[in-house]
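Read through the structure below, which is laid out as C-alpha cells, and then see the notes.
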Amino acid sequence: VQLQASGGGAVQTGGSLRLSCVASGFIFSSYIVGWFRQAPGKEREFVAALNTNGGATTYATPVKGRFTISRDNARNTAYLQMNSLKAEDTADYYCAAAARRSVFYNIDDYTESGRYDMWGQGTQVTVSN
C-alpha cells in the first residue's frame with residue numbers, strides 16, 4: 001500500500017508545475033484524494049481534494065483559480081496542476097487518500113488531515129522571485 005508523489009521542483013514566480021501521485025496496493029478508485037502542503041516552520045495545511053470519480057472538488061482559498069486537482073483512475077494516479085505560482089506556495093507537497101466510507105459524502109468534509117488513511121512522501125516545491 002503506497003502513495004508516491006513526484007513532480008516537485010524549483011520554478012520562478014508565475015510558473016507552473018504538475019505534481020503526480022501514483023497509488024499502488026489498494027483500490028485507488030474507491031478513495032478520495034487530497035493534497036496538503038507544509039512550508040518550513042509551519043503546520044501542514046490543506047490544498048485540494050477530489051472525490052472518487054473526479055466529479056467534485058474542494059480547494060483552499062489561497063489556491064483557488066490557480067491549482068487544479070484531477071485523477072486518472074485507470075492509471076491509479078492523481079495530479080495537482082499548479083499555475084501562477086507564488087513564493088508563498090513554497091512547501092513540501094503531500095498526497096493523501098481517504099477510504100470512501102459511505103455512498104453519499106461531502107467533499108468539503110475532506111479538508112482535515114485526520115480524514116485521510118494513508119499518505120505519500122513529500123515532494124518539494126520552491127517558488128522564487
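Since the structure is predicted, the reported quantities are computational estimates derived from the model, not experimental observations.
- Considering CZ of Phe26 and CG of Leu3, their distance stands at 4.5 Å, rounded to 0.5 Å.
- For the pair Thr123 and Asp92, the minimum side-chain heavy-atom distance is 4.5 Å or more.
- Between the side chains of Arg18 and Tyr79, not a single donor N or O lies within less than 3.5 Å of an accepting N or O.
- A salt bridge links Arg66 with Asp89: at least one charged nitrogen is closer than 4.0 Å to a carboxylate oxygen.
- Within the 4.5 Å cutoff, no side-chain heavy atoms of Gln81 are placed close to those of Ser70.
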Apply the test side-chain contact (heavy atoms from CB on, under 4.5 Å) to residues Asn51 and Tyr105: give CA-CA distance (whole Å), side-chain angles for both, the deciding distance (0.1 Å), then the verdict. CA-CA 9 Å; Asn51 72 341; Tyr105 60 93; 3.1 Å; yes

Please determine whether side-chain contact (heavy atoms from CB on, under 4.5 Å) holds for the pair Arg44 and Tyr94, giving the CA-CA distance in whole Å, both sets of side-chain angles, and the decisive distance to 0.1 Å. CA-CA 9 Å; Arg44 188 172 299 188; Tyr94 299 86; 3.7 Å; yes

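- Clustering ILVMFWY residues whenever any of their side-chain heavy atoms sit less than 4.5 angstrom apart, transitively, puts Leu80 in the very cluster that holds Val11.
- Annotation for Asn83 and Ser16: closest pair OD1-OG, 2.9 Å, computed over non-hydrogen atoms.
- Atoms OG and CD, from Ser128 and Gln12 in turn, are 5.5 Å apart once rounded to the nearest 0.5 Å.
- Between Phe36 and Tyr116, the angle of the ring planes goes over 60°, which puts this pair in the perpendicular group of the 30/60° scheme.
- No chain of hydrophobic side-chain contacts below 4.5 Å, direct or via other Ile, Leu, Val, Met, Phe, Trp or Tyr residues, connects Tyr93 to Trp119.
- Hydrophobic clustering, with ILVMFWY side chains joined whenever heavy atoms are under 4.5 angstrom apart, keeps Val47 apart from Ile32.
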Would you check, one step at a time, whether the test side-chain contact (heavy atoms from CB on, under 4.5 Å) holds for Tyr59 with Thr68? CA-CA 8 Å; Tyr59 294 92; Thr68 302; 3.8 Å; yes

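- Between the side chains of Asn73 and Arg75, not a single donor N or O lies within less than 3.5 Å of an accepting N or O.
- Put simply, OG on Ser29 and CZ on Arg71 are 7.0 Å apart, with the number rounded to the nearest 0.5 Å.
- We find the CD-OG distance between Gln38 and Ser113 to be 10.0 Å, quoted to the nearest 0.5 Å.
- For the pair Asp117 and Arg101, the salt-bridge criterion is met [side-chain N within less than 4.0 Å of a carboxylate O].
- Annotation: Glu43, atom CD; neighbour count of heavy atoms from other residues, nucleotides and ligands within 6.0 Å does not exceed 12.
- When the side chains of ILVMFWY residues are joined at heavy-atom separations under 4.5 Å, either directly or via intervening members, Val1 and Val33 end up in a single hydrophobic cluster.
- Donor-acceptor pairing under 3.5 Å is lacking for the side chains of Asp72 and Thr77.
- Hydrophobic clustering places Met82 together with Trp35 (ILVMFWY residues linked when any side-chain heavy atoms are closer than 4.5 Å, directly or through intermediates).
- Nearest heavy-atom pair across Ala5 and Cys95 is CB-SG, 4.0 Å.
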Could you walk me through whether Thr52 and Tyr31 pass the side-chain contact (heavy atoms from CB on, under 4.5 Å) check? CA-CA 6 Å; Thr52 54; Tyr31 282 69; 5.6 Å; no

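- For the atom pair OG of Ser6 and CG of Leu19, the computed distance is 8.0 Å after rounding to the nearest 0.5 Å.
- Looking at every heavy atom in both residues, Val127 comes nearest to Thr90 through N-OG1, 2.9 Å.
- Here the CG-OG1 distance, from Leu85 to Thr13, works out to 8.5 Å after rounding to the nearest 0.5 Å.
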